[in-house]
Amino acid sequence: MKYDAQRVEAKWQTQWEETDLFKVHEDPDREKYYLLEMFPYPSGKIHMGHVRNYTIGDVVARYKRMCGKNVLHPMGWDAFGLPAENAAIENNTHPGEWTYRNIDYMRSQLKRMGFSYDWDRELATCDPDYYQWEQLVFLKMYEKGLAYKKKTHVNWCDKCQTVLAKEQVENGCCWRHQDQEVVLKEMDSWFFKITAYAEEILEQCDRLPGWPERVLTMQRNWIGKSRGAIIRFPVAGSEEQVEVYTTRQDTVFGATFMCFAPEHPMLKDLVRGTEQEREVLEFVERTLKVDSYIRTADFTVKEGVFTGRYCINPATGEEIPIFVANFVLFDYGTGAVMAVPAHDQRDFDFARKYGLRLRVVIQPEDEKLDEDAMTGAYEGEGRLVNSGSFNGQKNLEALDRIAEWLESEGIGHRTVNYRLRDWNISRQRYWGAPIPIIYCDACGTVPVPEKDLPVLLPMDVEMRSHGGSPLPFEPSFYETACPRCGGAARRETDTMDTFVESSWYFDRYACPDYRQGPLDPARVSYWMPVDQYIGGIEHAILHLLYSRFYTRVLRDFGYLEVSEPFTNLLTQGMVCKETQSCPTHGYLFPDEAKDGRCARCGDEVVLGGTVKMSKSKRNVIDPQEMVDRYGADTVRMFCLFASPPERDLEWNEQGVEGSYRFLNRVWRLVTDNLDALKASAVFDGEGELAEPFRSLHRKTHRTIQKVTADIEDRFHFNTAVSAVMELMNDISRILGEGPEPGEEGWPVMREALEAAVVLLSPVVPHITEELWSLLGREGNLLGVPWPRYRREALEVDTRTVVLQVNGKLRSRVEVRADCGREELEKAALSDERVRKFIGEKPVKKVIVVPNKLVNVVV
RNA sequence: GCCGGAGUGGUGAAACUGGUAGACGCGCUGGACUCAAAAUCCAGUGGUACUUUGUACCGUGUCGGUUCGAUUCCGACCUCCGGCACCA
């Protein structure tokens, strides 16, 4: 009987579906386990990255289920987003139509992989049943001040008539219109006040032991907490004051000029009517034109312009000039900085460039700084000088004292600052959840009343061929009555960032059919938090941070009991492949290169590096093709076997062949011996066995032990699979060389083969179901309890002990397993080869590690 | 620049708390089966040297250190990958 993957997989997938095998219900009597993989964007078809991610998840889900847990393993679609709009314009269709078509196809692909999802919980974020709850939460956030509107600067493409995300700006131009310069436009945007939770989110980074350290580090850096002080500098000849944020208030006596961000709101008033006005405004305009990415890149030259105005250093009483500079960030701190050129390299460079003075306020212990001779800033520690009553104090100790003094003098105060900024959720896009707000000339900004939710995204719209949202051109959508006064009013036409949808989809999986509110308290409290979350490292910051924020918002509204959504996080590596290119035709798809030559021109193919699979590099393998050729089980197995999950996976066709070969071997070992196996019982562990069956029995239990530990403790499926391969090697060696197993041997054979089938079942669920049933077993493997190893079976009579002389391996001996220290030492010293290496030298010391080694030091 | 992570055969990788480096797979070499090929099976496979049975030496990015013993711990450096980066 030949292994026919297509037949076997179709058979069992049908059986699983017909018996609702993957359906899960809340059951308070059983321990729950919530396993989640990041849901995909329905871009068209699944790619290898999805396959790897979801295979890893499926193994864990199936394993936990066999361990007796009540496992929630859902799947859905991150279905809003810009690609749908672009595809719609390109193919002259509707984003919704395109999206749902993709979902249908990708769902069939996931089913073809044999993943154990409870499809009854499937959700798509573009469904009003989903996004209406987001609108409700928005209203509550608006009420609490957690959602607010403010002016902000955005990247704007005039041709698209829309805002561009950072990654859509290429060399300062629109990604779609290379000739269209992106402009920085001031625009009203809706924000979520994530900064209100910055401290809590940061603090709890220390209490997420199940997260990779590097993800936590990235989140901490992103939040970027710093302690410092706000200091107020009065503007000379004015009642106004300028606030600066500094972490170095110990150097305040050394501040000899001030720099403003170009966006600083005081700037225009400050220069009005001065000689410098024109120059400053020109500088501001020029600087703001450059997109913020370029402006803050390290290759951009620091420059600035004198404003013609001065402010007073409140510590020294001295007048210092005010500049506007391109490197000062408007949205960090206060948008203005005090410059201390003697002790900050950036300020130093700026001062030298514009001929500004320095004042040393920190003297190091071992050298004497001279303001005129300095070639760089001194950023180290030392004692304060030129600092009034603080002279002589160590600068680090003075940090606190100066802060106190600033507070007592009323010129400043201590503060904590975060790099994290509030989350801009406004998108001038069509394919997203509408923001439930109405603008009325009489009443201003009015939230849509709860009873009027959802604000449906209109489906009968004409997409605009040059891009941009059709909503502002759709009177049937935006024309409405003011809920307060009943007068004519206009709806908000911005939609929400799609990261909002992905910030709570995992909660909704617990109760996707709930209609009384966003979340069913009973079901959500049973399932949440997610026990294991699995996805790509590329979401380490934004998605995970937003989810942690939104979870807290839902908690504070009483919808959720948990603060942290994901207890354990596994970030899997990328799927990579080497690139191939031809001198004339550029990058080649794998099937465009035959035998090292370009299929089109016959030129020799140039092999490039092994990098992440991407369409642009054409180094992609379509999972569908692999499944058609080898079956889902082979693809799943290769994804797990080639490397541990957190590392990158290098796709290698010959490796896939290897996995396929192994499955064929397993198939043959069972089917070729089916009659003898079926006729035999399973060895029950009772009674003494003769070799080689005694060893095989031991190997079986060692394999159970190893596979269990590899999956349970560290998700190292590659070594788990290796262990089963070793067991199979032992089995075939015995069958090939040994005597006919006979009455004693077959039960042990059956035990070994059945263990292999069960242990492999989370990895390759179809072939194992078939073999299980061929072996005469009833029911699905998911219902079989995960095997436990028997301690007695692991026991051995003898062990190999390594003998070393001066730490070098010289010999080995077989000793009884319970051999004592003295006996071991004696055995080592009497070993012929050990004695040869000891020679005439006196033995200084003997180190004995029972069951492991003896090291003789001479 | 700062913060993470990683460097092991021809190759993907193992070695879980310092104790036999290279499990398992791929590739390669030789053999069996076959008219032949494919498939399958068996054996070998880190390097160098030799007296080629075997034995010795070297070997986990580099250089040092701790230790009876280091891929594992410590210090310095090099390379690669990821993140952040004029953050005041």
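The chains referred to below are lettered A, B, ... by the order of the sequence lines, with proteins before strands, and numbering in each begins at 1. As a basis for the values below, the full set of heavy atoms in this structure was taken, side chains included, without hydrogen atoms, waters or symmetry mates.
Closest to the side chain of V802(A), out of rA88(B), rU40(B), rU20(B), is rU20(B). Considering only the side chain of S722(A), rA23(B) comes nearest among rA23(B), rC3(B), rA88(B). Here rG25(B) is the nucleotide among rC86(B), rG25(B), rA15(B) with the atom lying nearest to any side-chain atom of R665(A). Among the nucleotides rC16(B), rG83(B), rG19(B), the one closest to any side-chain atom of K852(A) is rG19(B). Considering only the side chain of N326(A), rC86(B) comes nearest among rA88(B), rC24(B), rC86(B). For F641(A), whose side chain is taken as the heavy atoms from C-beta onward, the closest listed nucleotide among rG12(B), rC86(B), rG19(B) is rG12(B). Here the side chain of V328(A) is nearest to one of rA88(B), rC24(B), rU20(B), namely rA88(B). In this structure, of rG27(B), rC16(B), rC68(B), it is rC16(B) that holds the atom nearest to the side chain of R714(A). The nucleotide whose nearest atom lies closest to any side-chain atom of Q654(A) is, among rC26(B), rC86(B), rG19(B), rC26(B). Side-chain proximity of P644(A) to rA14(B), rC68(B), rC3(B): nearest is rA14(B).
As rounded to whole Å, 16 Å separates atom P of rG19(B) from atom CZ of R812(A). In this structure, CD of Q804(A) is placed 8 Å from C1' of rU20(B), rounded to the nearest angstrom. Distance CE (M218(A)) to P (rC84(B)): 8 Å, rounded to an integer number of Å. Note: NZ (K706(A)) to C1' (rC24(B)) measures 10 Å, nearest angstrom. The CG-P distance, from L727(A) to rC24(B), rounds to 13 Å in whole Å. I223(A) has its CD1 atom 15 Å from the C1' atom of rG83(B), to the nearest Å. Distance, D344(A) CG to rC87(B) C1': 11 Å, rounded to whole Å. If you take CG of L640(A) and P of rA14(B), they are 13 Å apart, rounded to a whole angstrom.
Ring pair F350(A)/F257(A) is parallel by interplanar angle, where below 30° counts as parallel and above 60° as perpendicular. Between Y660(A) and Y3(A), the two ring planes are tilted [angle within 30° to 60°].
Applying the 90° cutoff around 0 to the glycosidic angle, rG4(B) is assigned anti.
Between Y245(A) and rA88(B) there is no side-chain polar atom (N or O) within less than 4.0 angstrom of OP1 or OP2. Taking only side-chain nitrogens and oxygens, R647(A) never comes nearer than 4.0 Å to OP1 or OP2 of rC81(B). Within the 4.0 Å cut-off from OP1 or OP2 of rC87(B), at least one side-chain nitrogen or oxygen of R346(A) is found. OP1 or OP2 of rA14(B) lies within a sub-4.0 Å distance of a side-chain N or O belonging to N718(A). For the OP1/OP2 pair of rC87(B) and a distance below 4.0 Å, the side-chain nitrogens and oxygens of R421(A) include no atom meeting the criterion. The side chain of K808(A) places an N or O atom within less than 4.0 Å of a non-bridging phosphate oxygen (OP1 or OP2) of rC58(B). For the pair R668(A) and rC41(B), the criterion of a side-chain N or O lying under 4.0 Å from OP1 or OP2 is met. For R810(A) and rC57(B), the shortest distance from a side-chain N or O to OP1 or OP2 is below 4.0 Å. Within the structure, a side-chain polar atom (N or O) of R833(A) is placed less than 4.0 Å from OP1 or OP2 of rA56(B). Side-chain N/O atoms of R419(A) include none lying less than 4.0 angstrom from OP1 or OP2 on rC86(B). Between K302(A) and rC86(B) there is no side-chain polar atom (N or O) within less than 4.0 angstrom of OP1 or OP2. The shortest distance between the side-chain N/O atoms of N729(A) and the OP1/OP2 oxygens of rG25(B) is below 4.0 Å.
A donor-acceptor contact under 3.5 angstrom links the side chains of Y245(A) and S226(A), judged on distance only. For the 3.5 Å distance criterion, the side chains of R810(A) and N855(A) fail to qualify, holding no donor opposite an acceptor. Side-chain atoms of E303(A) and Y354(A) form no donor-acceptor pair, as typed in the model, at a separation below 3.5 Å. A side-chain donor from one of T800(A) and E814(A) sits under 3.5 Å from a side-chain acceptor of the other. With no hydrogens or angles considered, a side-chain donor-acceptor pair links T195(A) and D422(A) at under 3.5 Å. Counting only N and O atoms by type, the side chains of D831(A) and S811(A) include a donor and acceptor under 3.5 Å apart.
Within the 4.0 angstrom heavy-atom criterion, no nucleotide atom of any strand lies near G224(A). Backbone-only contact: V857(A) has heavy atoms under 4.0 Å from sugar-phosphate atoms and none from a base. At a threshold of 4.0 angstrom between heavy atoms, the contacts of E646(A) with the nucleic acid are absent. The residue F837(A) sits close only to the backbone: its heavy atoms come under 4.0 Å of sugar-phosphate atoms, none of a base. P212(A) comes within 4.0 angstrom of no nucleic acid atom, judged by non-hydrogen atoms across all strands.
Atom P of rA88(B) sits at a distance of 33 Å from the matching atom of rG7(B), rounded to the whole Å. Taking atom P on both rA23(B) and rG12(B), the two are 15 Å apart, rounded to the nearest angstrom. Spacing between rC74(B) and rC26(B) at atom P, rounded to whole Å, works out to 37 Å. Here the separation of rG83(B) from rG69(B), taken at their P atoms, is 42 Å to the nearest Å. The same atom, P, is picked in rA15(B) and in rG22(B); the two are 13 Å apart, to the nearest Å. The gap from the P atom of rU29(B) to that of rU20(B) amounts to 34 Å, rounded to the nearest Å. When the C1' atom is used for both rU48(B) and rG30(B), the distance is 23 Å, rounded to whole Å. Across the C1' atoms, rC50(B) and rC42(B) are found 31 Å apart, a figure rounded to whole Å.
Mapping I537(A) and T800(A) onto RNA chain B by nearest heavy atom places T800(A) closer to the 5' end of the strand. Along RNA chain B, the nucleotide nearest to N652(A) and the one nearest to D347(A) differ in position, and the one closer to the 5' end is contacted by N652(A).
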Pair pattern of RNA chain B in dot-bracket, where unpaired bases get dots and | marks partners in another strand, Watson-Crick or G-U under 3.5 angstrom: (((((((..(((......[....)))((((((.......))))))(((((...)))))..(((((..]....))))))))))))....

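A cation-pi arrangement is not found for R548(A) relative to W222(A), the charged atom failing to lie both closer than 6.0 Å to the ring centre and inside a 45° cone about the ring normal.
None of R346(A), Q345(A), K353(A) except one satisfies the side chain to side chain donor-acceptor pair (under 3.5 Å) rule with D349(A); the exception is Q345(A).
With a 4.5 Å cut-off on side-chain heavy atoms, P590(A) and I621(A) count as touching.
For the atom pair CD1 of I320(A) and SG of C311(A), the computed distance is 4.0 Å after rounding to the nearest 0.5 Å.
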